[in-house]
Amino acid sequence: MNKIEHIGIAVKDLDVSNNLYTQLLGILPYKMEVVESERVNTSFFKTGPNKIELLQATDENSAIAKFIAKRGEGVHHIAFAVDDIVAEMNRLRDKGFILLNEKPKKGADNKLVAFVHPKSSNGVLIELCQEIDNKD
Ligand code: ZN
């Protein structure tokens, strides 16, 4: 894995949290995007080389809605950039990690993504992401 690509934070109200993080970081989000497959509205902030993703559920069946119902707002996942997501998924599967996806899927911010179950990574949901333009 190359680096931490971003940290995902589950929020109840994206507008409220966009304002909050704009004040906190002193910058505006550089991107807002609805990800239908994940049932989330997202926004991204960039501080230096680092990114923060805010995620708000678009409906009650979203994983973000369930996460907030159970644990409240807060850090939801850590995403790592990888060059070859399929190879990385196979490597982790071989080592006994539980993957939440059979295959990579299209995520926010022009990425292919896949998730590692928090059960296999000390309670932390891990996202693998590969920039789509890199390889295709
Ligand atoms: Zn993410």
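Counting convention: from 1, in listed order, for ligands and their atoms alike. Being a predicted model, the structure only gives us computed values, none of them experimental. Residue numbers run from 1 in the order of the sequence given.
- The atom of Glu53 nearest to the Zn ion (ligand 1) is OE1, with the search restricted to N, O or S atoms.
- Side-chain atoms of His76 and Glu53 form no donor-acceptor pair, as typed in the model, at a separation below 3.5 Å.
- Checked by atom type, the side-chain pair Asn41/Thr58 shows no donor-acceptor distance below 3.5 Å.
- At least one N/O/S atom of His77, from backbone or side chain, sits under 2.8 Å from the Zn ion (ligand 1).
- For the pair OE1 of Glu127 and NE2 of His6, the angle at the Zn ion (ligand 1) is about 100°; rounding is to 10 degrees.
- Inter-residue side-chain proximity for Glu73 and Ile9 is flagged as unmet; no heavy-atom pair is nearer than 4.5 Å.
- A salt bridge links Glu38 to Lys105: at least one charged side-chain nitrogen sits closer than 4.0 Å to a carboxylate oxygen.
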